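Inspection log for the structure reproduced underneath, given as structure tokens.
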Amino acid sequence: MPMDVDLGLENTYIKHTKLTYIDGELGVLRYRGYDINDVVNNLSFMETAYLMLYGRIPDSKELKLFSSYIGDGKLPERIFSMIDTFPEGDPLSMASSVFAALAIDNNMKWSIDENKRNAGRIIGLSFNVFANIYLHIKGKKLYNIDLGDPVSGFLRVTNNMDPKNVKAFEAAMILYMDHEIPASTTAALVTASTLSDMLSSLSSAMNALKGPLHGGAAENAFLEFLDIGSPENVKPWFNEHIIKNRERLIGFGHRVYKTYDPRIKKFRELSMSLCDEKNRIILDTALELERVALDYFREKKIYPNTDFFSGLLFNELGFEHWFFTSLFALSRVTGILAHIIEYNENEQRLIRPRAIYNGDGERFIKR
Ligand code: SDX
């Protein structure tokens, strides 16, 4: 019997991985050994997804074949009718429902020969899932997007096809692609470990990613900037909310990073380079909040995390704040699929932890 529970599984390792390496003390993140900033500055989304799944940067022939797998990700008509019935509400819950609905009659079984091809198809499906959830919420006609280049096909839903915006969005899809096994990937691993299927595992992950302590932070950090309103109001706001009321500063802190999250560099660079006059005050407010918060939190090793800046970029790309977490989720589909394939192909074991009983001793019913 162990001494006590490992609350939050903080010190528990549930798998080996060759996918993503994180050093929380030094602020290092590598995909298959390549530094995240090297990857985001040199590879496309498709090349990075291939690297994540296959472990190498693809040649043109490999990329063409992988792209055809992604191109298979068209939604059936019944899914459009289902999305049409969704009420106003949380896009992540819609995504979880759609992935579960796609799992109803899916024929994708676990097979070493087929897993990566199926993952490619599901990546294509996920671009259509999130694009059509966005179109539904905006009251627009649903359709299967052009998956020839899923990134620009997706960005068409916001009619925002300026080449520098497509490049920036592609960078965001790379930066969020994987992060070892956060809560959402762990939820997917638990599901996949029962030999349930990939789509059902993604459905589990969406429900976990939705939470405000995890993916929900991408939206809530941005809402903080709007609530503060101007750089001048940062200090009084911070003193009231964070110091006096001891509220959590969303977009700050991380279970693993005890220094700057290495993904911030690119998100900050892009959000500053794309910022126009109408968004200037939001960016200046965010930068002032980062400065004030760092002064206060640095000694507790609480630094900004990727969600602090990602919303600024998504806003500048024309997405509404209620969709930021969905964009994080869309990118993370690839990393989640890579982890559940790695687990089930190499060390599959039903994930079934224990609880330490501290309840009543045996008792008897006396009638
Ligand atoms: C993501 O895991 C991943 O990799 C996730 C992610 C990914 O790519 O998948 O990186 C994406 O989810 C990033 C995190 C986004 N979440 C937020 O921004 C929400 C705000 N952050 C915190 O709630 C918090 O930092 C967590 C939840 C992210 C991590 O917290 P831990 O490791 O559970 O630490 P804790 O809650 O035990 O806090 C330790 C101390 C506490 O103070 P004391 O009670 O000891 O005095 O630090 C304080 C906390 O109050 N603290 C904060 C804080 N984060 C920690 N205080 C104020 N604001 C914060 N943001």
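Positions are given from 1 along the sequence. Bear in mind the structure is a predicted one, so any value in this text is a computation, not a measurement. In each ligand, atom 1 is the first atom listed, and ligand 1 is the first ligand listed.
- Residue contacts with ligand 1 for Arg263 involve side-chain atoms from C-beta outward but no N, CA, C or O (heavy atoms, distance under 4.0 Å).
- Where the criterion is an N or O separation shorter than 3.5 Å, residue side chain and backbone included, Arg248 meets it with respect to ligand 1.
- Under a 4.0 Å heavy-atom criterion, Asn305 is in contact with ligand 1.
- If you check which protein heavy atom lies closest to atom 10 (O) of ligand 1, you get His254 NE2, 2.6 Å.
- For Phe308, no heavy-atom contact with ligand 1 is shorter than 4.0 Å.
- Checking side-chain atoms of Asn132 against main-chain N and O of Tyr143 turns up a donor-acceptor pair under 3.5 Å.
- Protein heavy atoms are absent from the space less than 4.0 angstrom from atom 37 (O) of ligand 1.
- Which of Ile242, Leu213, Leu249, Asp261 comes nearest to atom 16 (N) of ligand 1 through a heavy atom is settled by distance: it is Leu213.
- Against a heavy-atom cut-off of under 4.0 Å, Phe297 is close to the following atoms of ligand 1: 56 (N), 57 (C), 58 (N).
- Not a single protein heavy atom sits closer than 4.0 Å to atom 34 (O) of ligand 1.
- When every heavy atom of Phe66 is checked against every heavy atom of Met46, the shortest pair comes out as CE2-O, 3.8 Å.
- At the top of the distance list for atom 9 (O) of ligand 1, counting protein heavy atoms only, stands Arg332 NH1, 2.8 Å.
- The option from Ala293, Pro304, Gly251, Pro212 that lies nearest to atom 18 (O) of ligand 1, judged by heavy atoms, is Gly251.
- Classified by interplanar angle (parallel below 30°, tilted 30° to 60°, perpendicular above 60°), the ring pair Trp237/His241 is parallel.
- Every N/O-N/O distance between Thr306 and ligand 1 stays at or above 3.5 Å.
- Ranking protein heavy atoms by distance to atom 4 (O) of ligand 1, first place goes to His179 ND1, 2.6 Å.
- For Asp59 and Lys61, the salt-bridge test fails: no basic side-chain N is under 4.0 Å from an acidic carboxylate O.
- Among Ala217, Ser331, Gly253, Ala218, the residue whose heavy atom sits closest to atom 25 (O) of ligand 1 is Gly253.
- Remark: Glu62 engages Arg56 in a salt bridge, criterion side-chain N to carboxylate O under 4.0 Å.
- The protein heavy atom nearest to atom 46 (O) of ligand 1 is Lys300 NZ, 3.3 Å.
- In terms of protein heavy atoms, atom 19 (C) of ligand 1 is closest to Ile250 CD1, 3.9 Å.
- Only the side chain of Ile302 comes within 4.0 Å of ligand 1, counting heavy atoms alone; its backbone N, CA, C and O stay farther away.
- Between Glu277 and Arg280 there is no salt bridge, since no side-chain N of the basic residue sits under 4.0 Å from a carboxylate O of the acidic one.
- Electrostatic pairing of Arg30 and Asp178 does not count as a salt bridge here, judged by no charged N lying under 4.0 Å from a carboxylate O.
- The cluster map of Ile, Leu, Val, Met, Phe, Trp and Tyr, joined by side-chain heavy atoms under 4.5 Å apart, puts Leu317 and Met161 in the same cluster.
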Inset, instruction - Test ring pair (Phe, Tyr, Trp, His ring centres under 6.0 Å) on His254 and His179 and set out the steps. - result: CA-CA 12 Å; His254 199 279; His179 207 242; 5.4 Å; yes

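- With respect to atom 44 (O) of ligand 1, the closest heavy atom belonging to the protein is Arg246 NH2, 4.6 Å.
- Remark: minimum distance from atom 20 (C) of ligand 1 to any protein heavy atom is reached at Phe252 O, 3.4 Å.
- Considering backbone and side-chain N/O of His214, one or more are found under 3.5 Å from N/O of ligand 1.
- Close contacts of ligand 1 with Asp307, meaning ligand atoms under 4.0 Å from a residue heavy atom, involve 1 (C), 11 (C), 12 (O), 13 (C), 15 (C).
- Ring geometry for Phe154 against Phe169 counts as parallel: the plane angle stays under 30°, on a 0 to 90° scale with 60° as the upper cut.
- The closest side-chain heavy-atom distance from Leu327 to Tyr176 is not below 4.5 Å.
- Of the protein's non-hydrogen atoms, the one nearest atom 2 (O) of ligand 1 is Pro182 CB, 3.4 Å.
- Considering both main-chain and side-chain atoms, Glu247 never comes within under 3.5 Å of ligand 1 through any nitrogen or oxygen pair.
- One N or O on the side chain of Asn305 and one on the backbone of Gly253 form a donor-acceptor pair closer than 3.5 Å.
- Minimum heavy-atom separation, Leu312 to Ala286: CD1-CB, 3.8 Å.
- By the 4.0 Å N-to-carboxylate-O rule, Glu347 lies too far from Lys15 to be salt-bridged with it.
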